[in-house]
A.B. asks: 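Below are the structure tokens for one structure; questions will follow.
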2 protein chains.
Amino acid sequence: MATIKDVAKRAGVSFKTVSRVLNDDTAVRHETRAKVIEAIEALDYRPNIMARSLRSQRTHTIGFISDLIASTPYASRIIQGAQERAWENDYLLLLINTGGNQAMKQTAVDTLLDRQVDGIIYATMYHREVHPPENIREVPTMLIDCFMADNSLPSVVPNEEEGGYNATLHLLQKGHRRIGYICDNSGVVATFGRLAGYQKALADYGIPFDPDLTCFLGSSISRNGFLGAKTLMQLENPPTALFCFNDRMAMGAYDAMRSLNLTIPDDVAIVGFDNQDLVAADLNPGLTTMALPHYEMGSWGVDHLISLINKAQDNLDISEQHVHKLLTCSLIERASA
Amino acid sequence: MATIKDVAKRAGVSFKTVSRVLNDDTAVRHETRAKVIEAIEALDYRPNIMARSLRSQRTHTIGFISDLIASTPYASRIIQGAQERAWENDYLLLLINTGGNQAMKQTAVDTLLDRQVDGIIYATMYHREVHPPENIREVPTMLIDCFMADNSLPSVVPNEEEGGYNATLHLLQKGHRRIGYICDNSGVVATFGRLAGYQKALADYGIPFDPDLTCFLGSSISRNGFLGAKTLMQLENPPTALFCFNDRMAMGAYDAMRSLNLTIPDDVAIVGFDNQDLVAADLNPGLTTMALPHYEMGSWGVDHLISLINKAQDNLDISEQHVHKLLTCSLIERASA
DNA sequence: ATCCAAATTGACAACGTTGTCAATGTGCAA
DNA sequence: TTGCACATTGACAACGTTGTCAATTTGGAT
């Protein structure tokens, strides 16, 4: 592999001049620059990033810590969004998956600090509160799809309440007035946020909240969606529409409707949440659902992180940046509502 | 951040001695080592990886190039498998997603070479032939879930034929003798491999291959599964079991059975392919399906890559290692067969 | 031709580590 | 006590780049 000195020798200049050309320093005569560029191309020279960052103290690398990369498939879009935005800014992602193990999180942060990353993304695969290792603060850090209770690290998460609001609003606008909400009771942030949005939308339409129309069941698997939907539809005065906590539960609700011989969307409208690629579109009829802004959280998070890195580089204080950004979920309209 | 010289000063030794301690060099007196270790801990010293690899020419980093990380969700398990095995061997993954763009692939390889990665993983999100940029050969490289026609780069892929064979075998063992095969005709490797396995299993049971029982339709979406299943079940002598190219098509087949008032698995058994997390388990009844060895390809690939890296380091010839490893798909038994 | 400021270029240190080799210390045999 | 082999330690170069600052060249005004 050719080095900067090889290029210098071939171009007949000092290696510092080559360095100037490489760094777009204007203080190089036009013809000198041409000679250098010729030599660079002739030797297929590429700067050694190790050596460069040893001196400049910037690695142009962002550490990406995730808990369970493969557990909720669509969430890999966070990584995609992060990687693409990083790439646009000449950064690369160094990936560590902790599998949710606490000791592993600490080691992950240590390892990334060892590698002199310029910043760290700490992402979870569903929206929740986290307690990252303290020394993560040694470099600019951004939480994605998670947050600290005291907001002492900047974070970006989906706007669950707005999502629940818009999902319900969609049903209200279609004329529905008795709308059920089927969710898990695992106590995750999303459950309550979406519930609050649901209640707010009803209130805005002057509809009193009827506790009988919401049901909380265990975890958000299709079986519980099935049970919940069945329960609600067998009420004396059943709802005409169902808002399901997520697409899996909606999938169960589809089964329930079939077992009750009810047609979607004619007898009952259904709205899900997550826009889980290979579920929502492939159900029959296609499921109308709210898409979580995974890709957007990834790219927004990296954008913000890079601005923090640049500020830190200029010795500006970044400790006061208690950003907690909420990103909008978008309605994907299909045939179920 | 403390450097090796700070540690040396505090321990009252030369920085070279500290270097020895860090590298487990035995040529250090016991008590000297103790002093050094005390100093390292007192200063919370961590070696600077940049400086280290500048000298040693090894970065302990593996570049991971993927085409469409988020398009087929379950495939993020390749990344997970790769990352975990890399981690166990003190390697980290530098991630680049090309989005299937050809120019981007070239830039990705260039960028990784610039970063002095010790090796490269080139992964695709479905099993197919690839033509990676030629200069990828400058470092040890491993293809995952893809291959070169001339096998001039080592690769690891799923054993599609064996998978098709075992899926069919499962149905045969359940007593089925008329088994349909529903697949896409997009011409991907998997289509033909699974078909070959299907035919081989039939042949092993002495059942002649009946072309009427296979149908090829467009892409592998649920709609086509629906159409295919309906067509096959309306034959004069319909099959008693269906082998579906993937879980999405199986999902469509479920719909077809419902529309024909047929019960799964009593009237017809169904086996899918992919074990797509949030589909297969959540269907009703649960879908029996073949799981692709994504995680295993990731970890096997990294394992093999690291052995190549070590050989290259010792200047052993690795160009002759035309490995093309086939990994077994495993049957996930649920209720549909 | 001469001078001066600005433009251009180069010499050398520095980044934090490892590699090489020489210098010093140690313990045991003579 | 001396000598020698071996263990231990240190001085210094090297890795390939950027940063600092001084040296040299250039071009225009005199």
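All values derive from a computational prediction rather than experimental measurement.
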A.B. asks: Quick one, which residues of residues 52-59 of chain A touch DNA chain D with a heavy atom under 4.0 Å?
C.D. replies: A:R52, A:L54, A:R55
A.B. asks: Please determine whether side-chain contact (heavy atoms from CB on, under 4.5 Å) holds for the pair B:R115 and A:T61, giving the CA-CA distance in whole Å, both sets of side-chain angles, and the decisive distance to 0.1 Å.
C.D. replies: CA-CA 10 Å; B:R115 297 260 183 162; A:T61 304; 2.7 Å; yes
A.B. asks: Can B:L94 and A:L93 be said to form a side-chain contact (heavy atoms from CB on, under 4.5 Å), step by step?
C.D. replies: CA-CA 6 Å; B:L94 215 40; A:L93 255 38; over 6 Å; no
A.B. asks: Once rounded to the nearest 0.5 Å, what's the spacing between atom CD of A:E84 and atom CD1 of B:I96?
C.D. replies: 12.0 Å
A.B. asks: Are A:S66 and A:N97 linked by a side-chain donor-acceptor pair shorter than 3.5 Å?
C.D. replies: yes
A.B. asks: Expected output is a numbered-order residue list: members of residues 39-49 of chain B with a heavy atom under 4.0 Å from any atom of DNA chain C. What is it?
C.D. replies: B:Y45, B:R46, B:P47, B:N48
A.B. asks: Just how far is it from atom CG of B:D145 to atom OH of B:Y122, taken to the nearest 0.5 Å?
C.D. replies: 12.5 Å
A.B. asks: Considering only NZ, NE, NH1 and NH2 on the basic side and carboxylate oxygens on the acidic side, decide whether B:K105 and B:D67 come within less than 4.0 Å.
C.D. replies: no
A.B. asks: Can you confirm whether A:K35 is buried at NZ, in the sense that more than 12 heavy atoms of other residues, nucleotides or ligands lie under 6.0 Å from that atom?
C.D. replies: yes
A.B. asks: Under 4.0 Å between a side-chain nitrogen and a carboxylate oxygen: does that hold for A:R77 and A:E296?
C.D. replies: no
A.B. asks: Check whether any side-chain heavy atom of A:I309 lies under 4.5 Å from a side-chain heavy atom of A:R58, and answer yes or no.
C.D. replies: yes
A.B. asks: Between A:R137 and A:S152, is any side-chain donor less than 3.5 angstrom from a side-chain acceptor?
C.D. replies: yes
A.B. asks: Quick one: side chain to side chain contact (heavy atoms under 4.5 Å, CB included) partners of A:S299, sequence neighbours excluded?
C.D. replies: A:R85, A:Y295
A.B. asks: Find which nucleotide of DNA chain D each of B:F15 and A:A2 is nearest to by heavy atoms, and output the residue with the more 5' nucleotide.
C.D. replies: B:F15
A.B. asks: Can you tell me how far the OH atom of A:Y91 sits from the OG1 atom of A:T59, to the nearest 0.5 Å?
C.D. replies: 8.0 Å
A.B. asks: Show me the protein contacts with nucleotides 5-9 of chain D, counting only N or O atoms at under 3.5 Å.
C.D. replies:
{"from": "D:dT9", "atom 1": "OP1", "to": "B:T32", "atom 2": "OG1", "distance (Å)": "2.4"}
{"from": "D:dT9", "atom 1": "OP2", "to": "B:R29", "atom 2": "N", "distance (Å)": "2.9"}

A.B. asks: Per the end-axis method with five pairs at each terminus, what is the bend angle of the helix from C:dA1-D:dT30 to C:dA30-D:dT1, to 10°?
C.D. replies: 60°
A.B. asks: Determine whether the side chains of B:Q106 and B:Q102 contain a donor N or O and an acceptor N or O closer than 3.5 Å.
C.D. replies: no
A.B. asks: Tell me, please, the opening and closing nucleotides of DNA chain C, 5' to 3', among those with an atom under 4.0 angstrom from a non-hydrogen atom of chain A.
C.D. replies: C:dT8 to C:dG16
A.B. asks: Would B:D110 and A:R46 satisfy salt bridge (Lys or Arg N to Asp or Glu O under 4.0 Å), going step by step from the backbone distance to the final call?
C.D. replies: CA-CA 9 Å; B:D110 291 347; A:R46 311 295 231 9; 3.2 Å; yes
A.B. asks: Among side-chain atoms of B:T17 and B:R33, is any donor-acceptor pair under 3.5 angstrom?
C.D. replies: no
